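Below is one structure; the comments refer to it alone.
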There are 2 protein chains.
Amino acid sequence: MFLIMARAATTSDPFNAVAEPRRRQILTFLAVGERQVGEIVAAIGLDQPSVSKHLGVLREVGLVHVRRNGRHRMYRTNAEAIRPLHEWTGSFERHWRHQLNRIKERAEEQMRSRSAAGLNASKEKP
Amino acid sequence: MFLIMARAATTSDPFNAVAEPRRRQILTFLAVGERQVGEIVAAIGLDQPSVSKHLGVLREVGLVHVRRNGRHRMYRTNAEAIRPLHEWTGSFERHWRHQLNRIKERAEEQMRSRSAAGLNASKEKP
DNA sequence: ACATTACATTCCTATATAGGAATATGTCAA
DNA sequence: TTGACATATTCCTATATAGGAATGTAATGT
């Protein structure tokens with residue numbers, strides 16, 4: 001079917017879908033509650049067709065849910081679909097905590113060696 | 001400078017950089033400790049130039065750090081750079097918790113109404 | 001100096017957008 | 001029915017890849 005893969009489709013998974021800043025904006029805007037497309041257009045400051053297309057992508061990966069209400073469509077963020085991203089990034093949490101600890105430890109060691117070298121010569125003012 | 005924006009550059013921010021599955025694989029592999037390129041190639045099962053290019057992208061957005069060691073280059077994941085993604089996705093945590101609560105509540109209500117309707121007719125076995 | 005090893009970079013191409021413009025679809029109101 | 005309004009979809013185009021092939025570069029051993 002595909003000979004070469006230029007780049008993964010934005011519709012293939014949430015990771016690709018949220019790579020687009022406007023879509024992240026939309027998700028944040030729709031997280032607080034249901035909004036119709038016109039409201040999103042007004043809030044994001046993008047033309048209506050573009051917003052509809054972004055919503056289409058978000059729909060395909062399940063990041064938003066839609067409900068028809070007369071001639072309006074009420075969109076809302078499906079936070080559940082964002083959870084896998086949170087969990088993947090969270091798998092690195094212990095590593096950044098570890099990195100921070102190393103930095104802190106080095107800083108403390110510097111403090112100690114400095115005060116040991118200068119004794120009370122570096123007290124209060126340089 | 002730019003007339004139209006086809007799609008944000010992968011080198012522009014971590015969100016775009018981790019949109020690529022192979023790069024997520026690499027980040028996971030490099031999270032446990034320093035590894036040289038050859039080891040990544042062997043582990044990921046991608047040709048060396050491709051791995052080097054992915055590493056180039058990850059380098060540009062600060063997701064990995066490099067250290068030269070003779071003719072080898074030791075790469076490691078910079079977990080700190082993943083933190084913003086974790087925090088952005090985490091901003092939706094209260095929403096998915098809320099969604100889960102609503103689902104749970106509805107399920108419980110169904111249970112109640114079912115046992116109320118069937119009384120003890122639905123006990124143990126259907 | 002020279003071959004070898006370990007990576008990085010460049011060139012090429014098919015593909016997947018993202019935005020703009022224009023058009024289609026669907027719904028309500030008079 | 002006709003019209004107005006709210007959204008979605010289609011067509012077009014410049015752009016940014018991702019992978020494959022080939023090449024460039026730096027460091028080490030002899």
Side-chain angles (χ1 to χ4, degrees), chain A residues 1-27 29-30 34-61 64-76, chain B residues 1-27 29-30 34-61 64-76:
Chain A
M1 184 73 94
F2 297 103
L3 292 177
I4 64 171
M5 193 66 76
R7 187 169 177 181
T10 57
T11 57
S12 60
D13 70 310
F15 282 97
N16 273 282
V18 305
E20 173 63 41
R22 315 319 273 276
R23 285 198 284 265
R24 290 202 296 278
Q25 253 187 288
I26 292 174
L27 287 175
F29 181 65
L30 292 177
E34 268 188 344
R35 293 285 186 270
Q36 57 190 60
V37 180
E39 294 178 286
I40 306 172
V41 171
I44 306 297
L46 202 58
D47 56 300
Q48 177 267 314
S50 292
V51 169
S52 275
K53 275 183 283 188
H54 282 310
L55 288 172
V57 171
L58 294 173
R59 242 187 294 128
E60 281 203 66
V61 298
V64 295
H65 283 157
V66 212
R67 181 175 66 86
R68 302 186 69 142
N69 182 22
R71 48 185 155 183
H72 302 288
R73 305 220 178 170
M74 309 304 292
Y75 278 91
R76 66 190 164 83
Chain B
M1 184 74 93
F2 298 103
L3 292 177
I4 65 172
M5 192 67 75
R7 189 167 175 181
T10 57
T11 57
S12 60
D13 70 308
F15 281 96
N16 273 283
V18 304
E20 173 64 40
R22 317 316 277 275
R23 284 197 285 265
R24 289 202 296 277
Q25 254 188 287
I26 292 174
L27 288 174
F29 181 66
L30 292 178
E34 268 188 345
R35 293 286 184 271
Q36 57 190 59
V37 180
E39 294 178 286
I40 306 172
V41 170
I44 306 296
L46 202 60
D47 55 301
Q48 177 267 315
S50 292
V51 169
S52 274
K53 275 184 282 190
H54 282 310
L55 289 171
V57 171
L58 294 172
R59 242 187 294 126
E60 281 202 65
V61 298
V64 295
H65 283 156
V66 211
R67 183 175 66 86
R68 303 187 68 140
N69 182 21
R71 47 183 156 182
H72 302 287
R73 306 221 179 170
M74 311 304 292
Y75 278 90
R76 64 187 166 85

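Letters go in sequence order (proteins before strands), and every chain restarts at 1. Values reported hereafter were calculated over all heavy atoms of this structure, with side chains retained and with hydrogens, waters and symmetry mates removed. All figures in this text were calculated on a predicted structure; none of them were measured in a lab.
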Rounding to a whole Å, what distance do you find between [X]:[atom1] and [N]:[atom2]?
X	N	atom1	atom2	result
A:Arg35	D:dA6	CZ	C1'	17 Å
A:Glu39	D:dC5	CD	P	17 Å
B:Phe15	D:dA16	CZ	P	21 Å
B:Glu60	C:dA8	CD	C1'	13 Å
A:Met74	C:dT27	CE	C1'	15 Å
A:Glu20	C:dA16	CD	P	17 Å
A:Gln36	C:dC28	CD	C1'	14 Å
A:Tyr75	D:dT7	OH	C1'	8 Å

Report the residues that fulfil side-chain hydrogen bond (donor to acceptor under 3.5 Å, both in side chains) with B:Arg35, sequence neighbours left out, ordered by chain and then residue number.
->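 B:Arg35 satisfies side-chain hydrogen bond (donor to acceptor under 3.5 Å, both in side chains) with no other residue.
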Taking side-chain hydrogen bond (donor to acceptor under 3.5 Å, both in side chains) as the test, write out the residues that go with A:Glu60, two or more places apart.
->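 In terms of side-chain hydrogen bond (donor to acceptor under 3.5 Å, both in side chains), with neighbours along the sequence ignored, A:Glu60 is linked to no residue.
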Report the residues that fulfil side chain to side chain contact (heavy atoms under 4.5 Å, CB included) with B:Arg71, sequence neighbours left out, ordered by chain and then residue number.
->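 B:Arg71 satisfies side chain to side chain contact (heavy atoms under 4.5 Å, CB included) with no residue once adjacent residues are dropped.
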Does B:Arg59 have any side chain to side chain contact (heavy atoms under 4.5 Å, CB included) partners at least two apart in sequence or in another chain, and if so, which?
->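 In terms of side chain to side chain contact (heavy atoms under 4.5 Å, CB included), with neighbours along the sequence ignored, B:Arg59 is linked to B:Val64, B:Val66, B:Tyr75.
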Counting N and O atoms only, with roles assigned by atom type, does the side chain of B:Arg24 sit under 3.5 Å from a partner on the main chain of B:Val18, one being a donor and the other an acceptor?
->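 Judged by distance alone, yes, a pair lies under 3.5 Å.
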A:Ala17 to A:Val61 - nearest heavy-atom pair and separation |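 Smallest interatomic distance, heavy atoms only, reads CB-CG2, 3.8 Å.
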Minimum heavy-atom separation for A:Phe15 to B:Ala19, with atom names?
->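 For A:Phe15 versus B:Ala19, the nearest heavy atoms are O-CB, 3.9 Å.
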Taking OP1 and OP2 of D:dT7, is either one under 4.0 Å from a side-chain nitrogen or oxygen of A:His72?
->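 It does, given that an N or O in the side chain of A:His72 lies less than 4.0 Å from OP1 or OP2 of D:dT7.
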Quick one, which residues of residues 47-55 of chain B touch DNA chain D with a heavy atom under 4.0 Å?
->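 Heavy-atom cutoff 4.0 Å gives B:Asp47, B:Pro49, B:Ser50, B:Lys53, B:His54.
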Polar atom pairs (N or O), protein with nucleotides 24-30 of chain D, under 3.5 Å:
none

So which nucleotide from D:dG19, D:dT7, C:dA6 ends up closest to the side chain of B:Arg22?
->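 So the side chain of B:Arg22 is nearest to D:dG19.
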Residue pair A:Leu46 / A:His54, side-chain heavy-atom distance below 4.5 Å =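 Side chain of A:Leu46 against side chain of A:His54, heavy atoms only: contact under 4.5 Å found.
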Show your reasoning for whether side chain to side chain contact (heavy atoms under 4.5 Å, CB included) applies to B:Val57 and B:Ile26.
-> CA-CA 12 Å; B:Val57 171; B:Ile26 292 174; over 6 Å; no
